[in-house]
Amino acid sequence: MRYRNLIFILLTLTLFHCQGPGNNNYTENEDIARKVDSLLNLMTLEEKIGQMTQYSGTMAETGPSVGNADRVAEIESGRVGSMLNITGPDATRKAQELALRSRLKIPMLFGYDVIHGFRTIFPIPLGEAASFDLDAIESSARVAAVEASAAGVHWTFAPMVDIARDPRWGRIMEGAGEDPYYGAQVAGARVKGFQGDDLSDPATVIACAKHYVAYGAAESGKDYNTVDMSRMRLFNVYLPPFKAALNAHVRTFMNSFNDFDGVPATGNTYLIRNILKGRWDFNGFVVSDYNSVAEMVPHGFAADQKDAAKKAVIAGCDMEMVSGTYQLFLPELVRSGEINENLIDDAVRRILTVKYELGLFDDPFKYCNPAREKSVTLSQEHKEIAENVAKRSIVLLKNENKTLPLSKDTRTIAVIGPLADSQIDMNGEWFGRGRPEDVKTLLASLRERYADHVNILYARGCDVNSTDKSKFGIAMSIARQADVVIAAVGESWAMTGEAHSRSSLELPGVQLDLLKLLQSTGKPIVVTLMNGRPLSIRWVKDNVPAILECWFLGTAAGDAITDVLFGDYNPSGKLPVSFPYSVGQVPVFYNHRNTGRPVDPDVRWTSKYIDIPNDPLFPFGFGLSYTSFEYKNLQISAEKIKKSDSLNISMDVTNTGEVGGEEVVQLYIRDLVASITRPVLELKGFHKIRLEPGDTRNIKFTIHPRDLGFYNNNLEFLVEPGTFKVFVGSSSGDIRLQGQFDLQ
Ligand code: GLC
């Protein structure tokens, strides 16, 4: 017996401390699994539960205060496996040193919300999604990972992959919009950007698919609100981006605050154990959202915090963010037999596995690198990448009388509006370690690049959200002197993001009054809209000749917008989300079902309003260009295909304008008859292409029968025979070519 123990201890020490050179000799699962099991066998129950416990530092406030007590003693005794909201090589080193004083010296994980950049800030994710450029989106996440990892961050709580069809919900700014197919593409690109190809590379961070699941369907657009939908809709609309993140090897999921089927996601065994860890065989770990374990008590699902801890662990929530109920109650729940220690061991294995994958046991301080932080943070290269992503995210919503691009001979420009020179607003919400002073605003960029030969006049005109019209006069006086007015209007950074839902989608404050006054001067107006959610800008669309959707574009906002205003970059963005005609339409989205009485404006007895149109103000996939594109010669490789076949679809796209530009060629299908009602349109592919004037390119798509499948109300994934329409176009509302085929 003694001999065997000696072998066991020697083996454990060898495995536990072998200096795998950057993990490249890991046979990933075997080596890591062995080390994890060896370590697990050495751990006390309290130490195991410590790994399942995460507390918040004080460098950011990302939720209600839950008493940021001093955690030093707990960390030193191995009772804290992770901290969030601690960043910087020095601060994370200090915290890690505390963890390494513990008996088993298990390093902590440092998590932080790196949502659209760490210090170099990129467009808000909804804006980035408008680029329809997966390489650009991946490059943004890559830069964020390089900067965050140099600042001691191991783990970003991103990508947020929640499908959102309700712009009242403030967190619509964090995701990729309304479409499951596109949301899945973006999810994969962002996970790849954050995690890279080798997690042991210190310039990578583990990603977190959040918020699992259906958080964006909160009733009435109120954050944290009840979510109720069919499981069929869950599988067909809200789960696909999470599945894509899992297929991209995302290492963590974060459960959402909402309930689903009446059960809070944090304690929802169906969502976590049945789907995520069961059907999908996810082998990473699930972290709760901020305090969401304890919040199962106000949900009315847990009787008290002990009950909440029990239900969360049983459901498969591996790590508890900040509420501390695991540390308080799991020891007695296990010792009393109410919780089987196997559940604890499974959670701890998952967490330790990720720590080994990062290489933290080899070098717990590998992310604490001041020299690397200094060399990569806000580098010129990163700022250039940010400007590229930003300009590609801008969407041209209207351009009457060729108002844009502005002539470089323009003599006088009046720049007016509360967002023309607001550095803080350009970073949007979830700005990480971004600093307002790093931002170049639109006014700053125009002055820097054109003041030597253009008279740039500026007036704020009004606030974003006040009733004060006292500065209208000054604005009007400079507008009258100008050849063109650029009106920078929209929302403030804090009007979207978490716990920032709005009941209205109108321009806040008196901005619309200001625009109407400016329009009365007769000067051409260009609206540069800066906002975190779709807005119902009806009057602007009807009365202003040129509109650019600029979102919150981050550090390089000013230069990106200036590039587009003067035609140095031909805008190429497309809307990833519908812009409602009014909040009364919400939820409004392109991939809706047809109903038995589809809208007919001339027939009363059809599905419509008596006071507004059914169509949104701007549809999903919409975006104009300074040039024009013609689509012709649609070729569909077969009229009929079997389930073992695939179908090739091609078309010619020509730049019929006078300047080079990019087009996002969109492929949609419609399943005409199925065992459940299907959407009138479903995006199944897109290509963003650049064409010079007169160029024609043959664009190809391939459809596999699986792409036509759907989950029915028994949650069976079906690929049914039938006739499918094919639509190709410049947006969901601008179909240029159509055809059809039969699946046998
Ligand atoms: C917040 C958010 C979540 C974030 C977490 C940590 O409440 O819901 O998205 O990652 O807490 O800051």
Side-chain angles (χ1 to χ4, degrees), residues 53-66 68 80-87 108-118 124-126 141 144-145 148 153-164 169-176 187 190-191 194 205-218 222-225 227 241-242 245 250-260 264-266 284-296 298-299 312 317-324 428-434 494 496-501 532:
T53 299
Q54 177 188 64
Y55 288 119
S56 177
T58 54
M59 290 183 169
E61 182 189 83
T62 55
S65 166
V66 285
N68 280 319
V80 182
S82 171
M83 293 290 288
L84 73 145
N85 296 333
I86 295 181
T87 64
M108 282 198 291
L109 268 181
F110 295 112
Y112 189 61
D113 293 285
V114 187
I115 308 301
H116 54 107
F118 180 72
I124 55 171
L126 188 64
V153 175
H154 303 133
W155 176 21
T156 177
F157 303 127
M160 186 272 217
V161 301
D162 301 307
I163 293 294
W169 188 51
R171 303 197 77 165
I172 195 168
M173 57 77 63
E174 290 178 56
R190 303 198 79 213
V191 168
F194 287 128
V205 293
I206 51 174
C208 181
K210 74 181 188 184
H211 305 79
Y212 185 71
V213 67
Y215 182 31
K222 279 202 297 284
D223 209 350
Y224 317 123
N225 206 7
V227 167
F242 287 95
V250 72
R251 299 305 293 133
T252 68
F253 271 59
M254 181 187 291
N255 65 244
S256 54
F257 288 116
N258 57 281
D259 59 354
F260 177 82
T266 312
F285 72 85
V286 175
V287 64
S288 79
D289 202 338
Y290 195 104
N291 204 42
S292 70
V293 172
E295 288 167 8
M296 290 201 282
H299 262 295
C317 180
D318 302 302
M319 184 183 281
E320 176 182 24
M321 186 185 285
V322 312
S323 33
E429 173 58 301
W430 293 113
F431 49 82
R433 284 284 171 256
T496 41
E498 185 173 352
H500 287 153
S501 295

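For ligands, and for the atoms within them, numbers begin at 1 and follow the listed sequence. Computed from a predicted structure; not experimentally measured.
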Just distances here: any N/O of Tyr215 and N/O of ligand 1 closer than 3.5 Å? no
Under 3.5 Å, N or O to N or O, is His211 touching ligand 1 that way? yes
Should you measure from each heavy atom of Thr62, which atoms of ligand 1 turn up under 4.0 Å away? 1 (C), 6 (C), 7 (O), 11 (O), 12 (O)
So is Met254 in contact with ligand 1, going by heavy-atom distances below 4.0 Å? yes
Between Tyr224 and Glu498, do the side chains contain a donor N or O and an acceptor N or O under 3.5 Å apart? yes
Reported CE-to-CE distance for the pair Met83 and Met59, which is rounded to 0.5 angstrom: 10.0 Å
Interfacing atoms of ligand 1 (cut-off 4.0 Å, heavy-atom, Asp113): 4 (C), 6 (C), 10 (O), 12 (O)
N/O of Asn85 under 3.5 Å from N/O of ligand 1, yes or no? no
Tell me whether Glu498 has any N or O atom under 3.5 angstrom from an N or O of ligand 1. yes
Side chain, backbone, both or neither: the part of Arg171 lying under 4.0 Å from ligand 1 by heavy atom: side chain
With distance as the sole test, does Tyr215 use its side chain to make a donor-acceptor pair with the main-chain N or O of Asn258 at under 3.5 Å? no
Those atoms of ligand 1 less than 4.0 Å from some heavy atom in Phe257: 7 (O), 8 (O)
Do Asp318 and Thr252 come within less than 4.5 Å of each other through their side chains, counting heavy atoms only? no
Using a 4.5 Å cut-off on heavy atoms from C-beta on, say whether the side chain of Met321 contacts that of Phe157. yes
Could you verify whether a donor N or O on one side chain and an acceptor N or O on the other, from Asp223 and Ser501, lie under 3.5 Å apart? no
Atom of Asp162, atom of Gly216 and distance for their closest heavy-atom approach: CB-N, 4.3 Å
Proximity to ligand 1 by part of Met321, non-hydrogen separation under 4.0 Å: side chain
If you have a sec, work out which protein heavy atom is nearest atom 5 (C) of ligand 1 and how many Å separate them, to one decimal? Asp289 OD1, 3.4 Å
Taking the side chain as every heavy atom from C-beta outward, state whether Leu84 and Thr62 have any pair of such atoms under 4.5 Å apart. yes
Ligand-side contact atoms (ligand 1) for residue partner Lys210, heavy atom cut-off under 4.0 Å: 3 (C), 4 (C), 9 (O), 10 (O)
Look at the rings of Phe257 and His211 and say which category their plane angle falls in: under 30° parallel, 30 to 60° tilted, over 60° perpendicular. parallel
Out of all atoms in ligand 1, which are within 4.0 Å of some heavy atom of Leu84? Include the element for each. 6 (C), 12 (O)
